[in-house]
Asks: 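This structure is in structure tokens; I'll ask about it shortly.
Keep in mind it's a predicted model, so treat the numbers as computed, not measured.
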Amino acid sequence: VEALGWFREDRQVAATLISMARQGDPSYYVESALATALGRCRAPRARALLTTSLQKESHLEVIRSGAYNGFAALADPQDLPAIKAGLRWSAPPLSRSAAINAAAELARQHLHLRPEVLEMLTPIAEHRDDPAGSFRGKLAVLRAIEKIGDLAALPLLNRIAAQEADGRLVRLARLAA
């Protein structure tokens, strides 16, 4: 399933993946790979199927993570609201890193989205008492900011480097800056 996703814009592959997505699979990990593959191959109804995958419960949130990876591969600005929902504090924390990465990929490919994405990521990076600002969340945000590569994030990176208690995050903020 994972390999099929690399056949970009192939109608036959897309039809096969869509059919598999509708049937589902007993393995959470196959479902996750299927969601990512739908985005990678740019299947015609990928957005609807990925949105459905976001509603599925799974071990370690792998299906939701696969759906966010699929959204990242699609890199369509229309998907930002679905990705943004994965960043909020009430979203499942184990899939938040994939949502953060998807937001970063959108910002990397669509320059007009960079300010909005950076604004969405800032609270996760800075807040200590916010559940969304956990170590994993902060780590994912720092990697995302590095991926985006926008100088507008420099003040945020400097604040994190100056205020963060965890040396790993301080180092990553300095490297990203």
Side-chain angles (χ1 to χ4, degrees), residues 2 5-6 28-29 31-33 35-40 50-51 53-54 56-177:
E2 185 178 334
W6 295 105
Y28 295 143
Y29 293 91
E31 289 261 347
S32 175
T36 302
L38 283 166
R40 274 199 190 121
L50 292 174
T51 303
S53 293
L54 289 177
K56 294 182 179 181
E57 301 287 329
S58 62
H59 179 250
L60 299 177
E61 300 296 339
V62 295
I63 295 176
R64 281 191 185 100
S65 295
Y68 288 123
N69 292 338
F71 281 127
L74 280 176
D76 188 335
Q78 293 179 21
D79 299 328
L80 189 59
I83 294 167
K84 186 176 183 177
L87 301 179
R88 66 180 193 273
W89 70 267
S90 60
L94 292 176
S95 62
R96 189 172 294 118
S97 294
I100 290 168
N101 182 58
E105 188 60 31
L106 276 178
R108 190 181 71 76
Q109 292 192 32
H110 302 281
L111 299 179
H112 69 282
L113 292 178
R114 285 185 178 181
E116 184 177 358
V117 169
L118 288 173
E119 185 178 320
M120 291 172 4
L121 298 179
T122 297
I124 298 170
E126 289 189 315
H127 291 118
R128 290 189 160 95
D129 298 326
D130 185 348
S134 67
F135 175 77
R136 284 184 185 159
K138 291 178 180 185
L139 187 66
V141 166
L142 290 172
R143 288 182 177 149
I145 289 171
E146 187 174 26
K147 181 181 210 173
I148 294 169
D150 194 328
L151 289 175
L154 203 51
L156 171 62
L157 293 170
N158 290 333
R159 281 194 309 272
I160 293 168
Q163 297 172 358
E164 189 58 52
D166 192 307
R168 297 169 290 183
L169 296 174
V170 170
R171 181 175 186 276
L172 190 54
R174 288 179 181 158
L175 286 174

Asks: Taking the side chain as every heavy atom from C-beta outward, state whether Phe71 and Thr51 have any atom pair closer than 4.5 Å.
Replies: yes

Asks: Search all heavy atoms of Ile63 against all heavy atoms of Ser53 and return the closest pair with its distance.
Replies: CG2-O, 3.5 Å

Asks: Are more than 12 heavy atoms, taken from residues, nucleotides or ligands other than Leu111, located less than 6.0 Å from that residue's CG atom?
Replies: yes

Asks: Would you say the side-chain atoms of Arg114 pair up with the backbone N or O of Ala107, donor to acceptor, closer than 3.5 Å?
Replies: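 Yes, the answer is positive, given that a donor and an acceptor are paired below the 3.5 Å cut-off.
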
Asks: To the nearest 0.5 angstrom, please state how far the CG atom of Leu38 sits from the CG atom of Leu74.
Replies: 8.5 Å

Asks: Locate the shortest heavy-atom distance separating Pro123 from Glu119; write the atom from each residue and the value.
Replies: CD-O, 3.1 Å

Asks: Using the side chain to side chain contact (heavy atoms under 4.5 Å, CB included) definition, which of the options Ile145, Leu118, Leu142 pairs with Leu156?
Replies: Ile145

Asks: Between Leu94 and Arg64, is the side-chain contact (heavy atoms from CB on, under 4.5 Å) condition met? List the steps.
Replies: CA-CA 9 Å; Leu94 292 176; Arg64 281 191 185 100; over 6 Å; no

Asks: Hey, does the Lys NZ or Arg CZ of Arg96 hover above the aromatic six-ring of Tyr68, less than 6.0 Å from the centre and inside 45° of the axis?
Replies: no

Asks: Where do Ala98 and Asn69 come nearest, in terms of heavy atoms and distance?
Replies: CB-OD1, 3.9 Å

Asks: For side-chain contact (heavy atoms from CB on, under 4.5 Å), just list the numbers for Leu60 and Tyr29, CA-CA rounded to whole Å, side-chain angles, deciding distance to a tenth of an Å, and then say yes or no.
Replies: CA-CA 10 Å; Leu60 299 177; Tyr29 293 91; 4.1 Å; yes

Asks: Does the Arg88 side chain pair with the main chain of Ala85, one donor and one acceptor, at a distance under 3.5 Å?
Replies: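 Side chain of Arg88 to backbone of Ala85: a pair is present.
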
Asks: Determine the minimum heavy-atom distance between Ala140 and Ile100, stating which atoms define it.
Replies: O-CG2, 3.5 Å

Asks: Within the structure provided, determine whether Glu2 and Thr36 are in side-chain contact (heavy-atom separation under 4.5 Å).
Replies: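 When only atoms from C-beta onward are counted, Thr36 and Glu2 do not touch, as no gap falls below 4.5 Å.
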
Asks: Rounded to the nearest 0.5 Å, what separation is found between the CD1 atom of Ile83 and the CG atom of Leu54?
Replies: 9.0 Å

Asks: May I have the step-by-step check of side-chain contact (heavy atoms from CB on, under 4.5 Å) for Ile160 and Val141, ending in yes or no?
Replies: CA-CA 11 Å; Ile160 293 168; Val141 166; 5.7 Å; no

Asks: Can you confirm whether Lys147 is buried at NZ, in the sense that more than 12 heavy atoms of other residues, nucleotides or ligands lie under 6.0 Å from that atom?
Replies: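 Counting neighbours around NZ of Lys147, more than 12 heavy atoms of other residues, nucleotides or ligands fall under 6.0 Å, so yes.
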
Asks: State the CG-CZ distance between Leu169 and Arg171, to the nearest 0.5 angstrom.
Replies: 12.0 Å

Asks: In sequence, state the C-alpha distance, the side-chain angles, and the governing distance for Glu164 and Lys138, and then conclude on salt bridge (charged side-chain N to carboxylate O under 4.0 Å, His left out).
Replies: CA-CA 10 Å; Glu164 189 58 52; Lys138 291 178 180 185; 3.1 Å; yes

Asks: Working to the nearest 0.5 angstrom, can you tell me the gap between Glu61 CD and His59 NE2?
Replies: 10.5 Å

Asks: Verify, without hydrogens or angle tests, whether Ser32 (side chain) and Tyr28 (backbone) share a donor-acceptor contact under 3.5 angstrom.
Replies: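 Not a single qualifying donor-acceptor pair exists.
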
Asks: Checking Glu116 against Leu80 for the side-chain contact (heavy atoms from CB on, under 4.5 Å) test, could you report, in this order, the C-alpha distance in whole Å, the side-chain angles of both residues, the deciding distance, and whether it holds?
Replies: CA-CA 10 Å; Glu116 184 177 358; Leu80 189 59; 3.5 Å; yes

Asks: Of the non-hydrogen atoms in Leu121 and Ala144, which two are nearest, and what is the gap between them?
Replies: CD1-CB, 4.1 Å

Asks: Looking at every heavy atom in both Ala73 and Gly39, which two are closest together, and how far apart are they?
Replies: CB-C, 3.7 Å

Asks: Under a 3.5 Å distance rule, please check whether His110 uses its side chain to pair with a backbone N or O of Ala75 as donor and acceptor.
Replies: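 Yes, because the side chain of His110 sits within donor-acceptor range (under 3.5 Å) of the backbone of Ala75.
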
Asks: Roughly how far, to the nearest 0.5 Å, is the CZ atom of Arg159 from the CG atom of Leu154?
Replies: 10.5 Å

Asks: Hey, could you give me the CG/CD distance between Asp79 and Glu105, rounded to the nearest 0.5 Å?
Replies: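 Here the interatomic distance stands at 12.5 Å.
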
Asks: Regarding Arg136 and Ser134, is there a side-chain donor-to-acceptor distance under 3.5 Å anywhere?
Replies: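 No, Ser134 and Arg136 have no side-chain donor paired with an acceptor closer than 3.5 Å.
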
